[in-house]
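Comments concern the structure below.
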There are 2 protein chains.
Amino acid sequence: MTASPSTSRDMASSRIFETLKQDLIRGRFAAGEKLAISALKDHYRVGLSPLREALNRLAAYGLLEQVNQRGFRVPAMELEELDDIAGLRAQLECMALTQAFQAGDSEWESQVLAAHHRLRRADEHPEQVEEWEQAHLRFHRALLASCGSHWLLRFIKQLHDQFDRYRRLAPPNPAVRKALDRQHGELVELALSRDIRAARALLDDHIRLSHSVARGCCELPASDDDT
Amino acid sequence: MTASPSTSRDMASSRIFETLKQDLIRGRFAAGEKLAISALKDHYRVGLSPLREALNRLAAYGLLEQVNQRGFRVPAMELEELDDIAGLRAQLECMALTQAFQAGDSEWESQVLAAHHRLRRADEHPEQVEEWEQAHLRFHRALLASCGSHWLLRFIKQLHDQFDRYRRLAPPNPAVRKALDRQHGELVELALSRDIRAARALLDDHIRLSHSVARGCCELPASDDDT
DNA sequence: TTGAATGAAAAAATCGATTTTGTTGAGATG
DNA sequence: CATCTCAACAAAATCGATTTTTTCATTCAA
């Protein structure tokens with residue numbers, strides 16, 4: 001929606017990269033599953049070369065694993081790794097939040113407010129899950145955008161994508177969702193008043209809550225089946 | 001050397017990935033330079049497909065930039081980005097160091113000592129730069145290895161590679177090198193005595209010193225020439 | 001009965017050729 | 001004289017086919 005309307009159409013390998021990335025995060029493939037390249041080729045209607053380039057990029061990003069001469073597989077999901085991701089995410093995001101509060105100008109405030117507004121709007125249409133997911137990602141990004149560290153934002157994005165892989169396994173929970181949404185609003189207020197200490201505590205809670213929900217769905221982990 | 005002798009030879013795309021990665025970190029390409037794919041193909045004696053897969057992985061890793069329909073280019077080097085990389089590196093490594101000290105067992109201590117020994121040995125052969133570079137990377141990795149966070153180590157590695165791109169521009173400076181080497185030894189001692197506070201301060205100094213050296217060579221940045 | 005050897009079948013990796021897209025410069029146009 | 005158009009060219013991206021490697025069912029020997 002904010003994206004420019006017809007900037008320049010991407011090449012096939014970029015399109016298939018984005019599509020596959022979303023499908024991996026949405027959990028359309030089983031954890032540990034081996035990806036049959038020719039099946040992907042048929043399913044997504046792309047050639048081998050763009051597909052393989054996308055798979056290579058996804059492997060470098062950490063959403064796939066590449067085994068020497070035996071193709072690509074979806075990484076296993078382990079409770080231990082979820083804890084790692086969530087813990088690190090909390091630390092890095094709190095770090096970025098502090099810097100964002102210190103460096104944020106009025107333009108940043110505007111973007112945070114705008115992103116929050118879009119998030120609330122997206123909340124009104126529960127059937128459009130992907131719209132909300134995108135708005136949610138963008139809200140968190142807007143909140144930290146002014147931190148001034150390109151690399152920190154990059155890692156946070158990467159961790160968020162990894163985290164979502166786990167979070168998306170959990171069934172929708174209206175009560176939790178409501179609590180998380182209230183926190184979003186409170187984060188906006190704390191951003192405007194530049195209350196770093198309170199905001200850090202709240203963001204940490206926010207991630208901790210998401211973490212515990214995702215954790216509940218990971219308790220009975222799938223076996224290490226292949227194929 | 002520690003690597004297994006004949007585990008299983010990698011496929012061409014993995015080999016060209018590692019080779020290109022090293023060449024990028026060593027600064028064999030000019031910052032901002034556009035990579036001519038067919039020239040690379042001839043130079044490294046590989047086919048198009050393995051080469052393109054390697055380029056895609058490097059782009060996802062952040063050592064290359066991919067522009068829509070016009071190939072790959074080496075990222076520009078900017079003082080601002082070096083500051084970002086070094087600052088974040090200091091924060092993340094101090095974070096990992098703390099956790100490593102808390103979780104490290106005697107096996108970790110042994111590995112740190114071993115890595116430090118190899119580093120000192122490599123120091124005796126100033127002509128073999130790459131040996132020392134590898135030993136140096138492994139020492140820092142060993143120091144943080146027991147932190148328990150797979151993702152934190154991953155990001156630190158990535159930042160270290162980025163940092164080295166800048167550091168390698170600087171001409172050798174024996175005095176600085178000596179100071180940095182003394183710090184390595186002190187870090188080992190502090191690791192054995194689990195003095196977290198002193199070690200954090202020292203590691204921060206260590207990175208800050210490297211940073212300022214690299215910074216000196218970045219002052220007069222190259223223009224944005226192409227081709 | 002077990003376990004190593006074998007050889008088709010399947011899958012991954014790679015290659016060479018084709019298609020698509022971007023770039024450049026000469027000539028036309030205002 | 002500046003700008004625009006449009007071939008011809010160069011480079012990137014993609015495709016289809018080939019080569020290499022793994023997998024797995026089967027056979028043969030201990």
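The chains referred to below are lettered A, B, ... by the order of the sequence lines, with proteins before strands, and numbering in each begins at 1.
Checked by atom type, the side-chain pair B:Ser149/B:Arg154 shows no donor-acceptor distance below 3.5 Å. At a cut-off of 3.5 Å, with distance as the only test, no side-chain donor of A:Gln134 or A:Glu130 sits close to an acceptor on the other residue. A donor atom on one side chain and an acceptor atom on the other are not found under 3.5 Å apart for B:Arg52 and B:Ser13.
Residues satisfying the side chain to side chain contact (heavy atoms under 4.5 Å, CB included) criterion with A:Ala170, sequence neighbours excluded, are A:Val213, A:Cys217. Contacts of A:His116 classified as ring pair (Phe, Tyr, Trp, His ring centres under 6.0 Å), with partners at least two apart in sequence or in another chain: A:Phe139. Not a single ring pair (Phe, Tyr, Trp, His ring centres under 6.0 Å) links B:Tyr61 to another residue, sequence neighbours left out. Applying the ring pair (Phe, Tyr, Trp, His ring centres under 6.0 Å) test to A:Phe17 and every residue at least two apart in sequence or in another chain returns nothing. Under the side chain to side chain donor-acceptor pair (under 3.5 Å) criterion, A:His211 pairs with A:Asp83, not counting sequence neighbours. Applying the salt bridge (charged side-chain N to carboxylate O under 4.0 Å, His left out) criterion to A:Glu133, with sequence neighbours excluded, gives A:Arg167, A:Arg168. Under the rule for a side chain to side chain contact (heavy atoms under 4.5 Å, CB included), the partners of B:Gln162 that lie at least two apart in sequence or sit in another chain are A:Trp151, B:Leu63, B:Ile85, B:Arg165.
In the region residues 42-50 of chain A, proximity to DNA chain C at under 4.0 angstrom, judged on heavy atoms, holds for none of the residues. Applying a 4.0 Å cut-off to non-hydrogen atoms, none of the residues of residues 56-66 of chain B approaches DNA chain D.
Proximity of a side-chain donor or acceptor of B:Glu33 to a complementary backbone N or O of B:Ala30 within less than 3.5 Å is detected.
For residues 35-46 of chain A, every residue pair satisfying the side-chain hydrogen bond (donor to acceptor under 3.5 Å, both in side chains) rule, not counting sequence neighbours, is listed here: A:Asp23-A:Tyr44.
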Between protein and nucleic acid, restricted to nucleotides 5-12 of chain D and to nitrogen or oxygen atoms under 3.5 Å apart, what atom pairs and distances do you find?
unit_1: D:dA12; atom_1: OP1; unit_2: B:Lys34; atom_2: NZ; d: 3.0
unit_1: D:dA12; atom_1: OP1; unit_2: B:Leu35; atom_2: O; d: 3.4

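For DNA chain C, the outermost nucleotides in 5' to 3' order that have an atom under 4.0 Å from a heavy atom of chain A are C:dA11 to C:dT21.
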